[in-house]
Amino acid sequence: MSTASPALDHDHDHEHHGPARGLKRWLLTTNHKDIGTLYLLFSLAMFFVGGAMALVIRAELFQPGMQIVDPHFFNQMTTMHALIMVFGAVMPAFVGLANWLIPMMIGAPDMALPRMNNWSFWILPFAFTLLLSTLFIPGGGPAGGWTLYPPLVLQTGQAFPFVILAIHMMGVSSIMGAINVIATILNMRAPGMTLMKMPLFVWTWLITAFLLIAVMPVLAGAVTMLLTDKYFGTSFFNAAGGGDPVLFQHIFWFFGHPEVYIMILPAFGIISHIIPTFARKPLFGYASMVYATASIAFLSFIVWAHHMFTVGMPLAGILFFMYATMLIAVPTGVKVFNWVATMWRGSMTFETPMLFAIAFVILFTIGGFSGLMLSIAPADFQYHDTYFVVAHFHYVLVPGSVFSLMAAAYYWLPKWTGHMYNETLGKVHFWLSVIGVNILFFPQHFLGLAGMPRRIPDYALQFTQFNMISTVGAFIFGLSQLLFLYIVIQTIRGGAKATDQVWDGAKGLEWTLSSPPPYHTFTTAPEVK
Amino acid sequence: MAVKMVDSSTPPEDEAGAARERVARLRRAARRTALALAVLAGAFYFGFILSMMGR
Amino acid sequence: MTSSRILRGGGIALISALSAWSASAHADSIWNMTRGVTDISRNVYDLHMLILWICVFIGIGVFGVMFWSIYHHRKSRGAEPAQFHESTAVEVAWTVVPMVILISMAVPATQVLIRMADASEAELTIKVTGYQWLWQYEYLDEDVSFFSALSTPHDQIYGDAPKGEHYLLEVDNPLVVPVGTKIRFVFTSADVIHSWWVPALGWKQDTIPGFINENWTLIEKPGTYRGQCAELCGRGHAFMPIVVEAVSPAEFQEWLARMKGQDAPEAPTAQTDSPALTLAGDQPL
């Protein structure tokens with residue numbers, strides 16, 4: 001559409017017609033597109049750092065016996081892998097997409113609070129440098145698991161206060177990002193863009209941002225209490241002083257369960273854009289998708305104790321949390337059914353984003369099934385803290401959240417860069433990823449059922465075969481992500497010119513802009529009818 | 001979604017000025033939203049720790 | 001099955017997967033949850049299989065429709081997109097039907113849960129205390145108490161000796177219990193949180209410092225049942241297994257009498273002899 005570029009031309013008379021040059025552009029930028037790019041590149045970097053740690057874990061587990069690392073270092077790897085993937089890779093990637101897309105989708109000129117936006121990004125590199133540096137501190141980094149359960153986490157050495165500070169910094173960054181998203185969506189929409197006309201990615205992010213504001217302060221409070229327990233003589237979680245170690249688990253999972261939805265709701269939004277585009281058919285059940293997202297968000301606050309069925313809760317407590325957890329299957333099912341109904345009688349083509357989206361629906365659903373199994377408390381007494389749980393949450397996080405991010409990257413990369421990615425390489429990357437991820441995580445279901453606990457560096461002999469298969473899958477999956485890196489770089493540097501609409505079924509304001517969009521867009525609001 | 005772009009190929013100065021003013025107005029409202037949310041987050045944090053201390 | 005065989009033939013693995021699943025009576029399948037040796041553990045297993053099959057059927061339905069659509073409704077086959085995009089009746093249907101299925105799962109789950117919660121009328125009470133990284137067992141009212149630590153030699157862990165059959169699942173002093181007797185366990189910990197798990201009994205229970213948890217079992221079949229700590233508890237987490245020897249009540253009484261003759265156990269400093277602690281271990285934790 002040629003009507004979009006005048007938005008830039010018309011800005012010529014005023015200040016800021018393009019980005020500044022050099023390093024300063026990135027350090028001082030308040031532009032939502034630049035900040036979105038920074039977030040996405042940062043999360044890609046963290047994805048490789050966290051992935052390298054995962055490969056250390058899988059290499060050690062290739063066969064029984066201690067071969068490569070010390071058990072203590074192994075525990076540091078599992079802990080750091082989780083912290084980096086959750087807070088460094090998946091969450092910033094979604095914030096990056098929010099930055100790039102929300103203003104363009106709602107017809108706003110930028111995020112509502114551009115300077116705060118700059119700050120919330122630039123905290124992150126410092127937070128993660130601090131976190132990673134703890135690996136080199138005497139006594140090593142945190143090794144008590146990303147769940148930070150006391151009293152074990154209080155045995156961390158000198159790294160402890162640095163880890164807490166790093167988590168605080170990530171929390172501050174997330175809260176500022178979330179405030180910015182809500183302020184933008186509630187205030188900056190173009191005339192005519194009513195709430196129930198908003199694209200689903202915007203809706204899911206609005207709900208996600210509220211979750212973030214509700215639970216990140218709780219995490220901050222919990223880790224602050226850990227800090228005072230260790231250094232200032234309080235006894236929040238110390239039974240000898242009248243505290244309760246299980247209290248921490250309740251608090252942590254009150255944060256932790258909404259947190260897992262923070263990492264999946266925006267993914268639901270992305271998939272709800274991609275499937276209609278490539279099915280060339282409007283999304284089925286838009287309103288029910290919005291309500292389902294809101295229901296999932298609400299339920300996420302009343303299910304936390306299903307992470308701790310074995311701590312010795314009273315029967316009534318277990319029953320309540322079991323029933324509430326099972327309920328989540330209903331709105332989640334509605335979403336899956338809606339996606340399938342959107343594909344039904346469409347006119348589908350299978351470019352790379354669509355392939356990732358379809359794999360998302362299937363593999364996320366498998367993760368949902370194992371989640372439903374885990375919700376059944378008596379069975380959970382067996383599944384809990386085994387590789388069955390590891391398989392479950394990796395299915396919803398890797399072929400779930402991460403695949404949605406890959407899909408989003410392929411889907412919007414032509415819009416962002418103005419170049420088409422290499423479709424053949426994209427498909428090769430997809431097939432390597434989808435095969436690798438299943439070889440990696442599917443055998444872990446069997447390992448868990450057969451009795452292998454999670455977070456162990458060495459195991460009994462009957463678990464050998466599946467661990468070997470899983471490790472082979474891990475290296476296939478991990479190495480094939482280098483291909484993704486290559487494809488992204490190649491697309492940024494050049495390639496076939498992308499049209500404004502890019503995909504012939506694509507609908508929405510962002511596709512009315514040129515590819516790549518001008519530095520400032522929608523300085524004059526579009527009218528949405 | 002039906003979209004009609006405002007034709008701004010030769011924008012009259014008052015129209016561009018009106019757009020800028022609109023954005024400035026929206027930003028002021030957004031700052032109030034953000035402040036309210038920040039207060040909310042702070043209240044969660046301190047309220048939460050204080051309630052735990054009172055246990 | 002040797003590892004090389006598995007790696008060579010994924011097909012063989014798949015076939016044996018199916019056969020192992022159908023032969024559900026097989027107790028120590030590497031493919032599935034153990035049925036265990038108690039009434040409760042079999043209840044748990046049956047629940048697990050029920051939900052599994054429900055999920056499999058739903059999955060076949062949903063993915064079946066999806067793949068049918070992917071095959072038939074593709075542009076390359078000349079499919080024209082329909083434009084329907086909502087239906088309240090359909091939305092209500094796929095909200096209500098899953099609710100009904102969930103209720104049908106919740107009912108048996110609740111029944112099993114209520115039975116598991118009833119630890120009353122036990123004939124024997126054993127106190128389990130978790131340590132970094134061994135277990136202490138105390139037979140309350142019997143004045144018998146001992147520690148139980150990993151007995152796998154250091155050399156096997158570091159590859160200097162061939163690994164034994166029960167590598168990492170063997171201990172110096174196993175927990176000896178009578179079959180056909182309702183046994184109540186109480187759990188606590190001396191340091192960090194551990195979790196006492198023997199899959200054949202059908203549950204795990206966290207041991208928490210400063211707090212007491214309880215659970216119970218009634219083992220039906222004599223035998224040796226192995227498990228391990230299930231909650232991350234530091235560098236020795238993988239190295240504090242559990243071995244339960246279930247024997248006849250007569251043998252148990254004999255064993256108990258023998259144990260009563262022995263001196264009280266050493267203080268928890270006995271753990272310095274544990275292979276777990278010496279494991280690569282100049283670095284104290």
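All chains are named by letter (A, B, ...) in the order of the sequence lines, taking the proteins before the strands, and each is independently numbered beginning at 1.
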Engineer: Heavy atoms only: give me the nearest C:L113-A:L319 pair and the separation to one decimal.
Structural biologist: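 Looking at all heavy atoms of both residues, the shortest contact is CD2-CD2, 3.6 Å.
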Engineer: Answer with side chain, backbone, both or neither: which region of A:F350 has an atom nearer than 4.5 Å to a non-hydrogen atom of chain C?
Structural biologist: side chain
Engineer: Okay, side chain of A:Q382, backbone of C:P199: is any donor-acceptor separation there less than 3.5 Å?
Structural biologist: yes
Engineer: Using a cut-off of under 4.5 Å for heavy-atom pairs, which of A:A450, A:A143, A:P151 has the most such pairs with chain C?
Structural biologist: A:P151
Engineer: Can you tell me which of A:Q63, A:R455, A:M308 forms the most heavy-atom pairs within a distance under 4.5 Å of chain C?
Structural biologist: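 Going by pairs under 4.5 Å, I would pick A:R455.
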Engineer: Walk me through whether C:V56 and A:F369 qualify under side-chain contact (heavy atoms from CB on, under 4.5 Å).
Structural biologist: CA-CA 9 Å; C:V56 167; A:F369 284 146; over 6 Å; no
Engineer: Heavy-atom cut-off 4.5 Å, strictly under: side chain, backbone, both or neither for C:S87 against chain A?
Structural biologist: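 Both parts, heavy atoms under 4.5 Å.
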Engineer: Do A:M66 and C:F239 make a side-chain contact, defined as non-hydrogen atoms from C-beta onward lying under 4.5 Å apart?
Structural biologist: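 They are in side-chain contact.
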Engineer: Which atoms form the tightest heavy-atom contact between A:P457 and C:A238, and what is the distance?
Structural biologist: CD-CB, 3.5 Å
Engineer: Heavy atoms only: give me the nearest A:R345-C:S69 pair and the separation to one decimal.
Structural biologist: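 Looks like N-OG, 4.3 Å.
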Engineer: Below 4.5 Å, heavy-atom pairs only: which of A:V153, A:I456, A:V336, A:T342 has the largest tally toward chain C?
Structural biologist: A:I456
Engineer: To check you understand the geometry: which heavy-atom pair defines the closest contact between C:W197 and A:G448, and what is its length?
Structural biologist: CH2-O, 4.4 Å
Engineer: When rounded to the nearest 0.5 angstrom, what distance separates OG1 in A:T310 from CH2 in C:W196?
Structural biologist: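 Result: 14.0 Å between the selected atoms.
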Engineer: Where does C:N213 contact chain A at under 4.5 Å (heavy atoms): side chain, backbone, both or neither?
Structural biologist: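 Just its side chain gets close to chain A.
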Engineer: By a 4.5 Å heavy-atom criterion (distance strictly below it), what part of A:A240 contacts chain C: side chain, backbone, both, or neither?
Structural biologist: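 No part of it gets close to chain C.
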Engineer: Taking all non-hydrogen atoms of both residues into account, name the closest pair between A:S347 and C:E80 and its distance.
Structural biologist: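 Smallest heavy-atom distance, with atoms named: CB-C, 4.3 Å.
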Engineer: Under the rule for salt bridge (charged side-chain N to carboxylate O under 4.0 Å, His left out), what residues qualify as partners of A:D385, not counting sequence neighbours?
Structural biologist: A:R454
Engineer: For A:A287, is it the side chain, the backbone, both or neither that has a heavy atom under 4.5 Å from a heavy atom of chain C?
Structural biologist: neither
Engineer: For residues A:Y383 and C:M33, determine if any side-chain heavy atom of one lies less than 4.5 Å from a side-chain heavy atom of the other.
Structural biologist: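 Yes, close enough: below the 4.5 Å cut-off.
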Engineer: Sort out for me which of A:L154, A:I358, A:T349, A:V246 touches chain C most, counting heavy-atom pairs under 4.5 Å.
Structural biologist: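 Heavy-atom pair counts peak at A:I358.
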Engineer: Answer whether the closest heavy-atom distance between the side chains of A:F309 and C:D206 falls below 4.5 Å.
Structural biologist: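 In short, these two side chains do not touch, never coming nearer than 4.5 Å.
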Engineer: Look at the side chain of C:E91 and the backbone N and O of A:S288, then say whether any donor-acceptor pair between them is shorter than 3.5 Å.
Structural biologist: no
Engineer: With C:E214, which residues qualify under salt bridge (charged side-chain N to carboxylate O under 4.0 Å, His left out), at least two apart?
Structural biologist: C:R184
Engineer: Taking C:N32 for its side chain and A:L449 for its backbone only, find out whether a donor-acceptor pair lies under 3.5 Å.
Structural biologist: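 Between the backbone of A:L449 and the side chain of C:N32 there is no qualifying donor-acceptor contact (under 3.5 Å).
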Engineer: Quick check on C:Y71 against chain A: is it the side chain, the backbone, both or neither that has a heavy atom closer than 4.5 Å?
Structural biologist: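 Neither part, no heavy atoms under 4.5 Å.
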Engineer: Distance check, rounded to the nearest 0.5 Å: A:M326 atom CE versus C:L102 atom CG?
Structural biologist: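 Going from CE on A:M326 over to CG on C:L102, the span is 5.0 Å.
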Engineer: Determine yes or no for a side-chain-to-main-chain donor-acceptor pair under 3.5 angstrom, with A:N75 supplying the side chain and C:G234 the backbone.
Structural biologist: yes
Engineer: Are the side chains of A:W344 and C:M66 in contact, using a 4.5 Å heavy-atom criterion?
Structural biologist: no
Engineer: Sort A:S370 into side chain, backbone, both or neither according to what part of it lies under 4.5 angstrom from a heavy atom of chain C.
Structural biologist: neither
Engineer: Are any side-chain N or O atoms of C:K204 and backbone N or O atoms of A:H384, one a donor and one an acceptor, separated by less than 3.5 Å?
Structural biologist: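 Yes, the answer is positive, given that a donor and an acceptor are paired below the 3.5 Å cut-off.
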Engineer: Heavy-atom cut-off 4.5 Å, strictly under: side chain, backbone, both or neither for C:A117 against chain A?
Structural biologist: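 Side chain of C:A117 only, per the 4.5 Å heavy-atom cut-off to chain A.
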Engineer: Taking the side chain as C-beta and beyond, is there a heavy-atom pair between C:L232 and A:Y149 under 4.5 Å?
Structural biologist: no
Engineer: Supply the atom-to-atom distance C:E86 CD to A:M289 CE, rounded to the nearest 0.5 angstrom.
Structural biologist: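 One finds 13.0 Å between CD of C:E86 and CE of A:M289.
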Engineer: For C:F84, is the NZ or CZ atom of A:K281 found under 6.0 angstrom from the centre of its six-membered ring and inside 45 degrees of the ring axis?
Structural biologist: yes
Engineer: A:P282 and C:H85: which non-hydrogen atoms are nearest, and at how many Å?
Structural biologist: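 Here A:P282 and C:H85 meet closest at CB-CB, 3.9 Å.
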Engineer: Checking the side chain of C:K75 only, and the main-chain atoms of A:M348 only, is there a donor and an acceptor separated by less than 3.5 Å?
Structural biologist: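 No: the side chain of C:K75 does not pair with the backbone of A:M348.
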Engineer: Report which part of C:I58 has an atom under 4.5 Å of a heavy atom belonging to chain A: side chain, backbone, both, or neither.
Structural biologist: both
Engineer: For A:R280, enumerate each residue passing the salt bridge (charged side-chain N to carboxylate O under 4.0 Å, His left out) test, keeping only those at least two apart in sequence or located in another chain.
Structural biologist: A:D504
Engineer: In Å, rounded to the nearest 0.5 Å, how long is the span from CZ of A:F381 to CD of C:Q205?
Structural biologist: 7.5 Å
Engineer: Could you check which of A:P150, A:P331, A:P378, A:G157 has the highest count of heavy-atom pairs closer than 4.5 Å to chain C?
Structural biologist: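 Ranked by contacts with chain C, first place is A:P378.
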Engineer: With a 4.5 angstrom heavy-atom cut-off, could you sort out which part of A:N467 is near chain C: side chain, backbone, both or neither?
Structural biologist: neither
Engineer: Roughly how far, to the nearest 0.5 Å, is the CD1 atom of C:I103 from the OH atom of A:Y323?
Structural biologist: 10.0 Å
Engineer: Under 4.5 Å, heavy atom to heavy atom, which residues of residues 160-170 of chain C contact chain A?
Structural biologist: C:K163, C:G164, C:E165, C:Y167, C:L168, C:L169
Engineer: Under a 4.5 Å cutoff for heavy-atom pairs, which residue among C:N43, C:T95, C:I70, C:I212 has the most contacts with chain A?
Structural biologist: C:I70
Engineer: Which atoms of C:L50 come close to chain A, meaning under 4.5 Å heavy atom to heavy atom: side chain ones, backbone ones, both, or neither?
Structural biologist: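 No part of it gets close to chain A.
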Engineer: Testing C:I193, C:V192, C:D191 one by one against A:L152 for a side chain to side chain contact (heavy atoms under 4.5 Å, CB included), which residue passes?
Structural biologist: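 Single pass found, and it is C:V192.
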Engineer: Between A:N238, A:D380, A:T78, A:V340, which residue shows the highest count of heavy-atom pairs closer than 4.5 Å to chain C?
Structural biologist: A:V340
Engineer: Kindly compute the distance separating CD1 (C:I208) from CG (A:D244), expressed to the nearest 0.5 Å.
Structural biologist: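 CG of A:D244 is found 7.5 Å from CD1 of C:I208.
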Engineer: Against chain C, label A:L315 side chain, backbone, both or neither, depending on which of its atoms sit under 4.5 Å from a heavy atom there.
Structural biologist: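 Looking at A:L315, just its side chain touches chain C.
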Engineer: Quick check on C:I54 against chain A: is it the side chain, the backbone, both or neither that has a heavy atom closer than 4.5 Å?
Structural biologist: neither
Engineer: Taking the ring centre of each residue, are C:W31 and A:F466 less than 6.0 Å apart?
Structural biologist: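 Judged by ring-centre distance (under 6.0 Å), C:W31 and A:F466 do meet the cut-off.
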Engineer: Within the structure provided, determine whether A:M322 and C:T110 are in side-chain contact (heavy-atom separation under 4.5 Å).
Structural biologist: yes
Engineer: Is any side-chain heavy atom of A:F337 less than 4.5 Å from a side-chain heavy atom of C:V62?
Structural biologist: yes
Engineer: Report the option among C:G210, C:P241, C:G227, C:A109 that has the most heavy-atom pairs separated by less than 4.5 Å from atoms of chain A.
Structural biologist: C:A109
